[in-house]
Amino acid sequence: MQKRIALPTLLALILSTASFAQTGNRPSPAASATCDLGGGKSIKTEYSSPRMKGRKIYGGLVPYGEVWRTGANEASTFVTTADVKVGGKDVPAGNYTIFTIPNADKWTLIISKKTGEWGIPYKYESDELARVDMKVTKLPSPAENFTIAYDKSGSGCTLRMDWENTRASVEITPK
């Protein structure tokens with residue numbers, strides 16, 4: 001038996017496929033943040049920015065004490081064109097992936113030498129360059145969008161991650 005597809009159905013299928021191809025089916029949009037270290041040197045982070053959408057984030061959607069891909073979709077990147085110190089630990093110029101372990105009072109930033117992975121499950125301990133403590137503070141008002149940003153501080157930058165009611169941050173300085 002031969003099945004026929006009605007023209008309107010066929011057109012809807014073609015249009016939805018084209019729309020999927022354009023968006024890549026990314027419910028969390030791509031975002032980036034850059035730190036200018038001067039002298040043509042910089043740090044750039046590319047990540048996906050999920051939305052809170054009324055959900056409990058830390059200790060809920062993102063469990064405490066477990067490795068998190070730090071965003072959504074692919075793991076977040078950390079590309080530095082200069083040798084830097086992140087929270088006092090040496091990070092040579094290069095391409096890295098970052099993960100975090102959120103807790104209510106302290107976060108850990110993981111800098112991994114492995115790049116190009118989806119993000120979870122985390123199985124990259126042998127590829128870690130460093131684990132760095134991050135300071136945690138409460139935001140004055142809730143942040144709907146997960147945001148990674150760099151704030152200029154002295155000759156370096158403060159890397160900060162804001163979402164829900166939490167800010168996690170760490171100092172980065174040129175080496």
Please answer: with hydrophobic residues joined when any side-chain heavy atoms are less than 4.5 Å apart, are [X] and [Y] in the same cluster?
X: V62; Y: F146; value: yes
X: I101; Y: L129; value: no
X: I111; Y: M161; value: yes
X: V79; Y: V91; value: no
X: I57; Y: M134; value: yes

Any chance you could lay out the side-chain contact (heavy atoms from CB on, under 4.5 Å) test for Y58 and N165, step after step, and finish with the verdict?
CA-CA 9 Å; Y58 299 115; N165 297 309; over 6 Å; no
Could you tell me which non-hydrogen atom of [X] sits nearest to which non-hydrogen atom of [Y], and how far apart they are?
X: I148; Y: S76; result: CD1-OG, 4.3 Å
X: W163; Y: N145; result: CD1-C, 3.6 Å
X: Y64; Y: A104; result: CE2-N, 3.4 Å
X: Y47; Y: A33; result: CE2-N, 4.5 Å
X: L139; Y: E164; result: CD1-O, 3.7 Å
X: S48; Y: A72; result: CB-O, 3.1 Å

Evaluate the side-chain proximity of [Y] to [X]: yes if any heavy-atom separation is below 4.5 Å, no if none is.
X: M52; Y: P142; result: yes
X: E171; Y: T158; result: yes
X: P29; Y: R51; result: yes
X: T108; Y: D133; result: yes

Can a side-chain donor-acceptor contact be found between S42 and T34 if the only test is distance below 3.5 angstrom?
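S42 and T34 do not have a side-chain donor-acceptor pair below 3.5 Å.
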Taking atom types as modelled and ignoring hydrogens, do the side chains of Y96 and T80 form a donor-acceptor contact shorter than 3.5 angstrom?
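Y96 vs T80: no donor-acceptor pair found between side chains.
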To the nearest 0.5 Å, tell me how far [X] [atom1] sits from [Y] [atom2].
X: T115; Y: E74; atom1: OG1; atom2: CD; result: 12.5 Å
X: T97; Y: E117; atom1: OG1; atom2: CD; result: 4.0 Å
X: N103; Y: E66; atom1: CG; atom2: CD; result: 10.0 Å

With salt bridge (charged side-chain N to carboxylate O under 4.0 Å, His left out) as the rule and sequence neighbours excluded, what pairs involving residues 136-152 come up?
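The answer is D151-R160.
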So which of I43, L109, I98 actually passes side chain to side chain contact (heavy atoms under 4.5 Å, CB included) with V86?
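Of the listed residues I43, L109, I98, the side chain to side chain contact (heavy atoms under 4.5 Å, CB included) partner of V86 is L109.
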Please evaluate residues S112 and E128 with respect to the criterion side chain to side chain donor-acceptor pair (under 3.5 Å), reporting the C-alpha separation (whole Å), side-chain torsions for both, the decisive distance (0.1 Å), and the verdict.
CA-CA 4 Å; S112 174; E128 290 180 11; over 6 Å; no
In terms of heavy-atom contacts, does NZ of K44 have more than 12 from other residues, nucleotides or ligands at under 6.0 Å?
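No, not enclosed.
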The test is side-chain contact (heavy atoms from CB on, under 4.5 Å); show your working for Y124 and V67 and say whether it passes.
CA-CA 11 Å; Y124 313 110; V67 175; over 6 Å; no
Start with the C-alpha distance between D90 and D83, add both sets of side-chain angles, then the distance that settles side-chain contact (heavy atoms from CB on, under 4.5 Å), and finish with yes or no.
CA-CA 7 Å; D90 291 341; D83 295 344; over 6 Å; no
Please check if the side chain of T173 supplies one atom and the backbone of G156 the other of a donor-acceptor pair under 3.5 Å.
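Checking the backbone N and O of G156 against the side chain of T173, no donor-acceptor pair under 3.5 Å is found.
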Give me the ring orientation class for F78 and Y150: parallel if the planes are under 30° apart, tilted from 30 to 60°, perpendicular past 60°.
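Geometry flag for Y150 against F78: tilted rings.
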Basic-acidic side-chain contact under 4.0 Å: K113, D127:
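So K113 does not pair with D127 through a salt bridge.
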